[in-house]
Amino acid sequence: METKEERIRFRPAFHGSPHDFEQFDHSFMGTGEGAQAYGWGTYVTEVEGIARSYAEGLTDDALGEIAGKPVGRYLRKKMTEGMTFDAAKADFLGRFDEGRLRKSPELYGETLRVLDKVRNLEETDLYNRHLYTVEIPNNTGKNYLRWDEPLPVSVDTSQMMKPLLDWCQNNIFEDAELERVCHNIQDSFEKIQTGKDLYKTISYYWGGDQGASEFLATFGFSGIEYPAEHTTGGRVDKAKNYVVFNADDVRISDHIRYREMKQTQPKGKGCSCTLEKLRQESRLSQANASKINKVRHKI
């Protein structure tokens with residue numbers, strides 16, 4: 001008899017990150033970098049180039065920003081103008097009266113955090129990127145919520161509404177308030193048309209996006225599907241991005257660590273960057289996967 005693990009078929013996808021890790025972990029979801037515009041979970045894509053672009057963009061985000069300016073970009077700009085890394089750091093730190101800032105940590109806590117990060121920064125931190133090839137549950141046509149598309153008839157929203165109404169019955173004891181909340185829930189569910197509508201409605205009533213993802217997982221959803229390059233109308237090849245609700249459903253099968261390498265240019269020309277592949281390795285097989293040490297991954 002097949003186990004649940006054996007029944008789940010997996011498909012390849014890509015994930016880009018500034019972090020080096022061996023296993024996805026949602027414990028610190030939302031405390032790191034990256035906007036979760038399409039729900040709570042691990043973001044992956046069918047397009048390798050998109051994953052690389054996220055790795056490169058999030059590396060800047062990981063270093064923080066002050067007054068809307070990413071620190072990483074500032075330092076690299078100064079280095080292209082001829083400064084050494086240490087000189088660029090000193091130039092950046094010298095722009096702030098740190099003594100005055102530390103007198104009001106309640107006002108300048110985030111700025112001080114970024115300054116401390118810059119002080120401890122190594123030059124390699126500006127350039128390291130990580131591209132992961134991962135396996136996620138195969139798309140059966142029913143197990144991913146399609147963000148912009150109408151809900152299929154197989155999705156029974158009345159069954160999803162029931163736990164919300166049951167919770168209200170057990171936790172709201174004032175009759176008028178109970179009637180009002182239950183009416184609002186029923187009215188909201190009647191207006192649902194797309195996957196996004198369903199997700200946002202559950203998120204509103206069930207503890208935010210994390211609550212919505214965990215709720216939908218109990219109804220058999222592996223995650224959310226939406227078009228790659230969605231904000232610009234999608235791609236001609238119809239490639240997809242996915243948000244996977246369960247970290248254990250995202251298996252790393254390959255990991256490439258690469259970085260931007262400065263090339264010496266004629267004086268006055270600054271430097272240009274190319275990608276240098278540092279390491280490519282096939283991750284641990286199923287046989288010894290249990291030995292993997294979990295590493296916290298900020299997403």
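Side-chain atoms are counted along with the backbone in the values below, which use heavy atoms only and exclude waters and symmetry mates.
- Here the closest non-hydrogen pair linking Cys168 and Leu178 is O-CD1, 3.5 Å.
- Taken to the nearest 0.5 Å, the NE2 atom of His19 stands 9.0 Å off from the NE2 atom of His130.
- Considering Asn184, Asp197, Ile202 as possible partners of Phe189, the one that fulfils the side chain to side chain contact (heavy atoms under 4.5 Å, CB included) test is Ile202.
- Under a 4.0 Å N-O distance rule, the pair Lys77/Asp91 does not qualify as a salt bridge.
- Closest of all the heavy-atom pairs between Ala239 and Val47 is CB-CG2, 3.5 Å.
- Tyr242 places none of its side-chain heavy atoms less than 4.5 Å from the side chain of Thr42.
- The side-chain heavy atoms of Val250 and Tyr132, taken from C-beta on, include no pair separated by under 4.5 Å.
- The one candidate from Tyr199, Trp147, Tyr144 that meets the ring pair (Phe, Tyr, Trp, His ring centres under 6.0 Å) condition with Tyr38 is Trp147.
- With hydrogens and angles ignored, the 3.5 Å screen pairs a side-chain donor or acceptor of Asn171 with a backbone N or O of Trp167.
- Heavy-atom minimum distance, Pro227 versus Gly234: CB-CA, 4.4 Å.
- Under the 4.5 Å side-chain heavy-atom criterion for Ile, Leu, Val, Met, Phe, Trp and Tyr, Ile50 and Val236 are members of distinct hydrophobic clusters.
- For Glu174, the CD atom counts as densely surrounded, since its 6.0 Å shell holds more than 12 non-hydrogen atoms of other residues, nucleotides or ligands.
- The pair Lys89-Asp86 does not count as a salt bridge, with every side-chain nitrogen at least 4.0 angstrom from each carboxylate oxygen.
- If you take CG on Leu131 and CZ on Phe14, they are separated by 6.5 Å, rounding to the nearest 0.5 Å.
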Between Ser188 and Tyr204, is the side-chain hydrogen bond (donor to acceptor under 3.5 Å, both in side chains) condition met? List the steps. CA-CA 10 Å; Ser188 297; Tyr204 181 81; over 6 Å; no
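- A side chain to side chain contact (heavy atoms under 4.5 Å, CB included) with Leu151 holds for exactly one of Leu145, Thr194, Asp156; it is Leu145.
- Checked against side chain to side chain donor-acceptor pair (under 3.5 Å), Thr157 has no partners two or more places apart in sequence or in another chain.
- The two residues Glu229 and Asn241 come nearest to each other via the heavy atoms N-ND2, 4.2 Å.
- Minimum heavy-atom separation, Ala88 to Lys78: CB-CB, 3.9 Å.
- The shortest distance between side-chain heavy atoms of Val71 and Lys117 does not fall below 4.5 Å.
- The closest side-chain donor-acceptor pair between Gln36 and Asp209, if any, does not fall under 3.5 angstrom.
- The distance from the NE2 atom of His26 to the CD atom of Gln210 is 9.5 Å, given to the nearest 0.5 Å.
- Atom CE of Met161 and atom OG1 of Thr201 lie 11.0 Å apart (nearest 0.5 Å).
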Quick one: do Trp206 and Leu216 satisfy side chain to side chain contact (heavy atoms under 4.5 Å, CB included)? Show the steps, please. CA-CA 11 Å; Trp206 201 256; Leu216 287 165; over 6 Å; no
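- Note that the CD atom of Glu48 and the OG atom of Ser53 stand 11.0 Å from one another [nearest 0.5 Å].
- Using a 4.5 Å heavy-atom cutoff, the side chains of Val134 and Phe24 are in contact.
- Residues Ile252 and His15 fail the side-chain proximity criterion, which asks for heavy atoms closer than 4.5 Å.
- Put simply, the side chain of Leu164 reaches to within 4.5 Å of the side chain of Phe215, judged on heavy atoms.
- Here the side chain of Ser213 pairs a donor or acceptor atom with the backbone of Trp40 at under 3.5 angstrom.
- Salt bridge present: Glu98 and Arg119 bring a charged side-chain N and a carboxylate O closer than 4.0 Å.
- Considering all non-hydrogen atoms of both residues, Pro163 and Gln159 come closest at CD-O, 3.1 Å.
- Every residue two or more places apart in sequence or in another chain was checked for a side chain to side chain donor-acceptor pair (under 3.5 Å) with Tyr226, and none qualifies.
- Here the CG atom belonging to Leu75 is positioned 11.0 Å from the OG1 atom belonging to Thr80, to the nearest 0.5 angstrom.
- Proximity of Leu198 to Met160: side-chain heavy atoms (C-beta onward) are separated by under 4.5 Å at one or more points.
- Counting heavy atoms from C-beta outward, Val243 and Tyr43 have side chains that approach closer than 4.5 Å.
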